[in-house]
There are 2 protein chains.
Amino acid sequence: MPVKTDSPACEAWTLLYELALAEKPRLNAIAGDFEIKPQQAMVLRLLAEPQTMGELAERLGCDNSNVTGLVDRLEQRGLVERRPAEHDRRAKLLVLTHEGERVRSEMSKRMRQAPEALAAMPAAEQRALRDLLRRALGR
Amino acid sequence: MPVKTDSPACEAWTLLYELALAEKPRLNAIAGDFEIKPQQAMVLRLLAEPQTMGELAERLGCDNSNVTGLVDRLEQRGLVERRPAEHDRRAKLLVLTHEGERVRSEMSKRMRQAPEALAAMPAAEQRALRDLLRRALGR
DNA sequence: TATTGTTATACTCTATAACTATA
DNA sequence: TATAGTTATAGAGTATAACAATA
């Protein structure tokens with residue numbers, strides 16, 4: 001009786017997740033260089049486009065009440081502004097300040113750099129990997 | 001003057017990270033089904049092999065003092081045991097209980113399932129992706 | 001009535017510094 | 001002296017429930 005083997009997709013997922021996990025310390029360290037916490041870095045990333053508290057909570061996959069504190073801290077740091085939303089006086093629109101844009105841009109540039117394991121691949125394999133992922137994610 | 005484009009490795013990394021990020025709510029929900037927190041699930045994952053507090057801290061990329069609380073909660077849940085380490089009376093060896101093994105095994109089985117975006121790929125592309133990642137990560 | 005965001009509360013995760021028991 | 005783990009402390013992230021203002 002043969003041992004049941006994982007499907008190729010499962011193994012690919014396991015490897016892919018391991019790679020992302022292994023990079024976490026690097027990403028956290030980059031956030032630290034800008035003196036913000038990992039989750040605050042995530043918020044900055046998502047605020048490339050202005051959006052409301054509720055939309056942000058949705059994209060973070062967390063409760064609304066949680067976003068209040070996250071945004072409080074970023075606002076105190078001068079990276080984010082709460083503005084009245086035009087269509088609904090209950091809602092608030094979150095917008096990056098100049099400084100917020102600067103931090104988001106420089107931080108993203110560094111985080112976007114490929115991990116050593118990918119950067120070391122032959123160029124043809126890098127392209128093959130990119131194309132497979134593009135198609136899988138519908139890009 | 002041409003716009004500078006990301007290298008294929010950078011774009012692959014961006015897509016790959018997006019995929020892992022998009023799966024986080026699913027993984028957290030699975031941990032929740034076993035009534036443990038995401039970080040406790042990570043500890044369980046890493047305890048496939050017994051190890052000391054310090055080794056676990058190293059693999060979690062966090063401080064030693066942090067592990068004390070994490071293990072306290074898992075121990076109260078009856079999933080982990082602290083045992084004396086033979087080679088060093090200062091150290092403690094962490095070992096999963098029977099119940100801990102059961103939870104780790106069932107939880108891992110579910111978390112290992114490939115995300116929809118990968119499972120939906122043609123079989124040949126799944127294998128190609130797996131093989132590229134295997135080689136990149138040296139497996 | 002329902003929804004947006006806040007507050008109050010409680011728990012988890014995190015690091016730093018001081019401590020203990022061993023090495 | 002140095003190291004493994006704990007404790008004390010403080011701050012950050014998280015969800016739930018109750019609330020104010022608005023829809």
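Proteins come first, then strands; the chains are lettered A, B, ... in the order of their sequence lines, and each starts at number 1. If you're wondering where the values come from, they're calculated on a predicted model, not measured in any experiment.
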Student: Sequence neighbours left out, what pairs pass ring-ring contact (aromatic ring centres under 6.0 Å, His included) with at least one residue falling in residues 14-42 of chain A?
Tutor: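 Qualifying pairs, neighbours excluded: A:Trp13-A:Tyr17.
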
Student: Quick one: salt bridge (charged side-chain N to carboxylate O under 4.0 Å, His left out) partners of A:Glu55, sequence neighbours excluded?
Tutor: none

Student: Test of understanding: with side chain to side chain contact (heavy atoms under 4.5 Å, CB included), list the residues that count as partners of B:Pro50, not counting sequence neighbours.
Tutor: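 Counting only residues at least two positions away or on another chain, B:Pro50 forms a side chain to side chain contact (heavy atoms under 4.5 Å, CB included) with B:Leu93, B:Val95.
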
Student: Under the side chain to side chain donor-acceptor pair (under 3.5 Å) test, which residues partner A:Gln113, sequence neighbours left out?
Tutor: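 Partners of A:Gln113 under the side chain to side chain donor-acceptor pair (under 3.5 Å) test: none.
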
Student: Can you give the first and last nucleotides of DNA chain C, 5' to 3', that have an atom under 4.0 Å from a heavy atom of chain B?
Tutor: C:dT12 to C:dA23

Student: Enumerate the residues from residues 18-30 of chain A whose closest heavy atom to DNA chain D is under 4.0 Å, giving them by residue number; use none for an empty result.
Tutor: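 Close to the strand, none.
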
Student: Would the distance check show the side chain of B:Thr97 and the main-chain N or O of B:Gly78 forming a donor-acceptor pair, the cut-off being under 3.5 Å?
Tutor: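 Indeed, once roles are kept as given, a pair shorter than 3.5 Å links the two residues.
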
Student: So, using salt bridge (charged side-chain N to carboxylate O under 4.0 Å, His left out) as the criterion, who are the partners of A:Arg139 when residues are at least two apart?
Tutor: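 Per chain and number, A:Arg139 pairs via salt bridge (charged side-chain N to carboxylate O under 4.0 Å, His left out) with B:Glu18.
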
Student: With A:Asp63, which residues qualify under side chain to side chain contact (heavy atoms under 4.5 Å, CB included), at least two apart?
Tutor: A:Ser65

Student: Tell me every residue that passes side chain to side chain contact (heavy atoms under 4.5 Å, CB included) with A:Ser108, counting only those two or more places apart in sequence or in another chain.
Tutor: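 Applying side chain to side chain contact (heavy atoms under 4.5 Å, CB included) to A:Ser108 gives A:Arg104, A:Arg112.
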
Student: Just jot down the side chain to side chain donor-acceptor pair (under 3.5 Å) partners of A:Glu125, sequence neighbours excluded, or say none.
Tutor: B:Arg135

Student: What string of B, S and - do you get for nucleotides 3-11 of chain D 5' to 3' if you count protein non-hydrogen atoms under 4.0 Å?
Tutor: BSSBB----

Student: Does a side-chain N or O from B:Gln39 land closer than 4.0 Å to OP1 or OP2 of D:dG13, or not?
Tutor: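 Result: no.
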
Student: Please list all pairs meeting side chain to side chain donor-acceptor pair (under 3.5 Å) that have one or both residues in residues 33-46 of chain B, counting only residues at least two apart or in different chains.
Tutor: B:Asp33-B:Arg110

